[in-house]
Amino acid sequence: MSDAILETRQLTKEFKGFTAVSNVNLSVQRGSIHALIGPNGAGKTTCFNLLTKFLEPTTGTILFNGHDITRERPAQIARRGIIRSFQISAVFPHLTLLENVRLGLQRQLGTSFHFWKSEKSLDSLNDRALELLALVGLRELADEQTVNLPYGRKRALEIATTLAMEPELMLLDEPTQGMGHEDVQRVAELIKRVSAGRTILMVEHNMSVVSTIADTITVLQRGAVLAEGPYAQVSTNPQVMEAYMGTTDGQLQGAH
Ligand SMILES: Nc1ncnc2c1ncn2[C@@H]1O[C@H](COP(=O)(O)OP(=O)(O)OP(=O)(O)O)[C@@H](O)[C@H]1O
Ligand SMILES: [Mg+2]
């Protein structure tokens with residue numbers, strides 16, 4: 001039985017006659033880690049922009065928990081629980097880690113204004129923020145200014161601020177981009193850990209990350225789905241190898 005949290009049907013985006021995303025049918029299973037991979041320019045980021053409504057699809061449908069969300073605004077999509085982890089610029093460099101996570105929690109609870117009047121609720125906000133920092137391995141740095149963090153830790157903080165918004169579906173665009181080997185491993189483990197009880201859709205170039213944590217992989221090429229399945233299946237698909245390596249006898253490796 002399939003239990004899709006997110007589905008796209010014939011999702012298409014054209015830019016002045018150029019088709020960046022072409023008739024994409026995605027089905028993301030609830031509770032899974034689903035990776036979107038493909039060579040540079042394949043349409044991965046455009047897909048994400050369509051899912052979060054940063055861009056309007058030219059044609060096609062997006063379903064979330066069975067609801068047609070194709071025409072909804074970005075804020076409505078976020079309220080439904082589709083949260084994208086933003087690039088580093090989204091965390092405030094001169095706030096502490098704790099303050100950044102607390103802001104995420106406040107955004108999540110934004111409408112219940114009176115909540116903030118009670119001292120007790122502020123304490124519980126701190127407790128929850130510390131919990132989230134502990135989850136991403138940053139508990140002991142809670143009072144550090146964000147600007148002082150090394151790059152890999154900033155990306156982990158970004159995951160914590162995203163988690164603060166209680167995502168049901170979390171979208172991560174290249175969470176390990178620009179990281180050294182150790183940070184890559186750490187963030188991969190972190191994603192696996194925080195995936196419990198959630199669904200994660202991620203764009204990722206690093207094949208060791210994808211092969212370790214992704215349940216399902218969709219390969220895009222020139223805007224269209226080239227292959228889909230678990231890593232073992234996708235990585236031995238001759239068309240996929242050719243798309244990545246320009247050869248059919250190479251091992252599937254990172255695009256970068
Ligand atoms: N706003 C835009 N206007 C015109 N063309 C665009 C626009 N955004 C993206 N494209 C084009 O659409 C194609 C897909 O781009 P996209 O950024 O989605 O690729 P990607 O798979 O994320 O690549 P990368 O791995 O390099 O991040 C590219 O050819 C790109 O030049
Ligand atoms: Mg991209």
Side-chain angles (χ1 to χ4, degrees), residues 6-28 33-62 69-70 73-74 77 82-90 151-152 154-155 158-159 162 169-180 183-184 187-188 191 200-214 216-229 231 234-235 237 239-247 250-256:
L6 180 84
E7 283 182 282
T8 67
R9 299 198 180 141
Q10 302 293 110
L11 193 64
T12 298
K13 180 66 184 177
E14 290 170 10
F15 295 111
K16 294 181 180 149
F18 172 78
T19 308
V21 171
S22 176
N23 296 311
V24 166
N25 297 312
L26 265 186
S27 178
V28 178
I33 299 180
H34 193 126
L36 205 52
I37 71 169
N40 296 120
K44 305 177 296 294
T45 299
T46 306
C47 258
F48 263 34
N49 286 335
L50 293 172
L51 296 176
T52 50
K53 303 313 296 296
F54 279 39
L55 287 172
E56 281 292 317
T58 308
T59 54
T61 310
I62 306 169
I69 59 165
T70 318
R73 317 301 316 155
I77 303 251
I82 304 180
I83 312 283
R84 178 179 187 160
S85 171
F86 291 88
Q87 302 298 330
I88 281 174
S89 55
Y151 180 77
K154 261 184 210 146
R155 302 299 308 255
E158 211 176 273
I159 290 175
T162 308
L169 173 64
M170 192 164 164
L171 302 179
L172 303 171
D173 198 350
E174 304 200 31
T176 68
Q177 187 187 28
M179 285 181 189
D183 279 341
V184 168
V187 168
I191 293 168
I200 294 180
L201 177 60
M202 63 194 287
V203 171
E204 180 58 65
H205 278 298
N206 187 310
M207 284 306 133
S208 99
V209 172
V210 168
S211 64
T212 323
I213 66 171
T216 307
I217 298 163
T218 299
V219 187
L220 286 182
Q221 185 188 31
R222 284 184 231 107
V225 175
L226 180 66
E228 186 168 270
Y231 180 79
V234 162
S235 62
N237 177 318
Q239 284 176 291
V240 174
M241 289 196 244
E242 188 158 351
Y244 268 82
M245 310 290 293
T247 150
Q251 266 256 253
L252 180 58
Q253 277 157 8
H256 288 310

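First listed ligand is number 1; within each ligand, the first listed atom is number 1.
In terms of N/O distances under 3.5 Å, ligand 1 is approached by Gly41. At least one N or O atom of Ala42, backbone or side chain, sits closer than 3.5 Å to an N or O atom of ligand 1. Taking only nitrogen or oxygen atoms, main chain and side chain alike, Phe18 does not reach within less than 3.5 Å of ligand 1.
The ligand atoms of ligand 1 that sit less than 4.0 angstrom from a heavy atom of His205 are 25 (O). In the vicinity of Thr46, heavy-atom distances shorter than 4.0 Å reach the ligand 1 atoms 9 (C), 14 (C), 15 (O), 16 (P), 18 (O). Close approach of ligand 1 to Glu174 (heavy-atom distance below 4.0 Å) involves ligand atoms 27 (O).
Between Val24 and Thr8, the shortest heavy-atom contact is O-OG1, 2.8 Å.
Under the rule for a side-chain hydrogen bond (donor to acceptor under 3.5 Å, both in side chains), the partners of Thr45 that lie at least two apart in sequence or sit in another chain are Asp173. Listed by chain and residue number, nothing satisfies the side-chain contact (heavy atoms from CB on, under 4.5 Å) test with Thr212 (two or more places apart in sequence, or in another chain). By the side-chain hydrogen bond (donor to acceptor under 3.5 Å, both in side chains) test, Thr218 pairs with His34, Glu228, sequence neighbours left out.
In this structure, CD1 in Ile33 is found 5.0 Å from CD1 in Ile200, a value given to the nearest 0.5 Å.
Between the side chain of Thr46 and the main chain of Ala20, no donor-acceptor pair closer than 3.5 Å is present. In this structure, Ser211 contributes its side chain and Tyr231 its backbone to no donor-acceptor pair below 3.5 Å. The main-chain N or O of Gly38 is found under 3.5 Å from a side-chain atom of Lys44 such that the two form a donor-acceptor pair.
When heavy-atom distances to ligand 1 are checked against a 4.0 Å cut-off, Lys16 has no atom that comes that close, whether in backbone or side chain.
Shown are Ile83, Ile82, Thr162; of these, the side-chain contact (heavy atoms from CB on, under 4.5 Å) with Met170 is made only by Thr162.
With 3.5 Å as the limit, one finds a donor-acceptor pair spanning the side chains of Glu204 and Thr176.
The shortest heavy-atom distance from Gly43 to ligand 1 is under 4.0 Å.
Each protein N, O or S atom less than 2.8 Å from the Mg ion (ligand 2) was counted, giving 1.
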